[in-house]
Colleague: 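The structure follows.
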Amino acid sequence: MGEGARARVAFLGLGKMGRGMASRLLDAGFDVAVWNRNPAKADELIVRGARRAATPAEAARDAEAIFTMVADDNASQSVWLGAGGAATEVKAGALAIECSTVSHQHALDLAAALRARGLVYIDCPVTGLPQAAAAGELTLLVGAEPGDLAQARPFLAPLGRTIRHFGPVGSGTVYKLINNLMGAIQIAGIAEGLAIAEQAGLDMALVREALESSVVASPQVLRHAPRMIDRDFSDATFTAALRHKDAEYALQLGETLVPQLPLSRAAVEAYAAAKAAAPDEDEGRLIELLSARTPPAKCGLS
């Protein structure tokens, strides 16, 4: 690369998180090529100076780092190793940074396949809402060899203030799956608790006030309880299908390590029902499967 040339980066997957992350890389001065299955999602980034690619392979060509932020194992496999996949043309020594939430086994298998092609693989799922992605305030959950992480840091720095290095490849994904599984359990519990309160005829404004000042007022309660009570999902950020996928991946891993995980299994089943009813709707709408908006009668307690 000549003096003064900008480092080339590819970003594959421009959903709510990916668009914000790619935008941060543009702001940091990288030469960013972008690809998305629906090309229109790249339009705003193209206007700002990104280069549109027709395939993942085209985006990755000559890139020093390739980021992916896609839905699941199948999408990840396709963008890396499928026809026109990024790994088919990328140069040896490039960083392959998988930010998608994938299964643990997929992370290990993909790492092996990409290393065999001369790439440096890092699993780097993230936590944070789309607003945090756009502001560069994500937390990056990394699995990588220390030297590989050092090589990747200049590319990761625009994305988040915190990098948590959990160990070798795969360990970042393990933690991300645990994190999202615990979220599934908590959010399903919030929906069930509020459904009971509604059907018992409690004053839901008072329930909300009590929850927000109680010992159970976790960040999940503070975020989701008001939305569920008001049935206001206008700020939808995470779908039922995605939460179900993450919880299912986590359960698959967990059951190889822990004999019984009844809460985890129950959360997967709850989100399977939510996914069947409204896969692309906000995960908080789980409450609509459990409770009518208007309680049928006051409970008979005195």
Side-chain angles (χ1 to χ4, degrees), residues 13-19 36-38 41 68-79 98-107 125-130 133 141 173-196 198-199 218-221 223-256 258 260-293:
L14 301 174
K16 291 180 179 179
M17 296 295 289
R19 284 198 300 275
N36 193 70
R37 185 177 57 182
N38 175 0
K41 289 190 175 182
T68 48
M69 178 57 91
V70 294
D72 54 25
D73 287 3
N74 290 336
S76 173
Q77 181 77 10
S78 176
V79 298
E98 178 61 272
C99 296
S100 316
T101 302
V102 297
S103 70
H104 182 243
Q105 190 60 54
H106 175 75
V126 304
T127 60
L129 296 173
L141 313 172
T173 292
V174 171
Y175 178 78
K176 178 60 187 294
L177 293 176
I178 292 168
N179 182 84
N180 282 22
L181 175 63
M182 293 176 68
I185 292 169
Q186 291 180 56
I187 296 165
I190 295 165
E192 290 187 4
L194 293 178
I196 294 168
E198 287 182 346
Q199 296 306 306
S218 69
Q220 295 285 19
V221 168
R223 170 166 167 72
H224 288 284
R227 302 166 73 244
M228 290 182 182
I229 290 169
D230 295 340
R231 302 297 197 271
D232 179 6
F233 305 110
S234 56
D235 63 340
T237 56
F238 208 65
T239 67
L242 287 175
R243 181 67 70 176
H244 174 260
K245 178 264 298 183
D246 291 356
E248 191 167 49
Y249 285 167
L251 183 61
Q252 289 171 3
L253 171 63
E255 288 184 332
T256 69
V258 178
Q260 296 184 31
L261 296 168
L263 293 180
S264 301
R265 181 163 292 282
V268 170
E269 292 173 357
Y271 273 97
K275 176 184 174 182
D280 299 322
E281 296 294 324
D282 186 272
E283 60 180 332
R285 301 190 78 153
L286 175 62
I287 193 171
E288 296 175 347
L289 301 179
L290 303 173
S291 177
R293 175 180 287 277

Colleague: Can you list everything that forms a side-chain hydrogen bond (donor to acceptor under 3.5 Å, both in side chains) with E192? Sequence neighbours excluded, please.
Modeller: none
Colleague: Got a second to check how far K16's NZ is from L14's CG, nearest 0.5 Å?
Modeller: 14.5 Å
Colleague: For a quick test of reading the model, state the closest non-hydrogen atom pair linking A274 to L286 and the distance between them.
Modeller: CB-CD1, 4.0 Å
Colleague: Taking atom CG of L251 and atom CG of L261, what is their separation to the nearest 0.5 Å?
Modeller: 6.5 Å
Colleague: For a quick test of reading the model, state the closest non-hydrogen atom pair linking A71 to A75 and the distance between them.
Modeller: N-CB, 4.1 Å
Colleague: Taking ring-ring contact (aromatic ring centres under 6.0 Å, His included) as the test, write out the residues that go with Y175, two or more places apart.
Modeller: F166
Colleague: Return the NE2 to CD1 distance between H224 and I187, rounded to the nearest 0.5 Å.
Modeller: 3.5 Å
Colleague: Under 3.5 Å, is there a donor on one side chain and an acceptor on the other for E98 and S76?
Modeller: yes
Colleague: Ignoring hydrogens and geometry, is there a side-chain-to-backbone donor-acceptor pair from D73 to H106 under 3.5 Å?
Modeller: no
Colleague: Given T239 and E283, is the side-chain contact (heavy atoms from CB on, under 4.5 Å) satisfied, shown in steps?
Modeller: CA-CA 5 Å; T239 67; E283 60 180 332; over 6 Å; no
Colleague: Which residues pass the side-chain hydrogen bond (donor to acceptor under 3.5 Å, both in side chains) test with T101, sequence neighbours left out?
Modeller: K176
Colleague: Which pair of non-hydrogen atoms, one from A107 and one from T173, has the smallest distance, and what is that distance?
Modeller: CB-OG1, 4.0 Å
Colleague: List the atom of H244, the atom of V268, and the distance in Å for their closest heavy-atom pair.
Modeller: CD2-O, 3.3 Å
Colleague: When you look at D72 and S100, which way does the side-chain contact (heavy atoms from CB on, under 4.5 Å) test go after all the steps?
Modeller: CA-CA 7 Å; D72 54 25; S100 316; over 6 Å; no
Colleague: Which atom names give the shortest non-hydrogen contact between A267 and I185, and what distance separates them?
Modeller: CB-CG1, 3.8 Å
Colleague: For R285, check salt bridge (Lys or Arg N to Asp or Glu O under 4.0 Å) against everything at least two apart and list the hits.
Modeller: E281, E288
Colleague: Which distance, rounded to the nearest 0.5 Å, do you find between the CE of M69 and the SG of C99?
Modeller: 5.0 Å
Colleague: Rounded to the nearest 0.5 Å, what's the gap from CG on L177 to OG on S264? Could you check?
Modeller: 11.5 Å
Colleague: Which distance, rounded to the nearest 0.5 Å, do you find between the CD1 of I178 and the CG of L253?
Modeller: 7.0 Å
Colleague: Quick one: closest heavy-atom pair of T237 and L129, and the distance?
Modeller: OG1-CD2, 3.8 Å
Colleague: Return the set of residues passing salt bridge (Lys or Arg N to Asp or Glu O under 4.0 Å) with D235 (not counting sequence neighbours), or none when no residue passes.
Modeller: R223, R227
Colleague: Could you note down all residue pairs passing salt bridge (Lys or Arg N to Asp or Glu O under 4.0 Å) where residues 263-279 supplies at least one of them, sequence neighbours left out?
Modeller: E255-R265
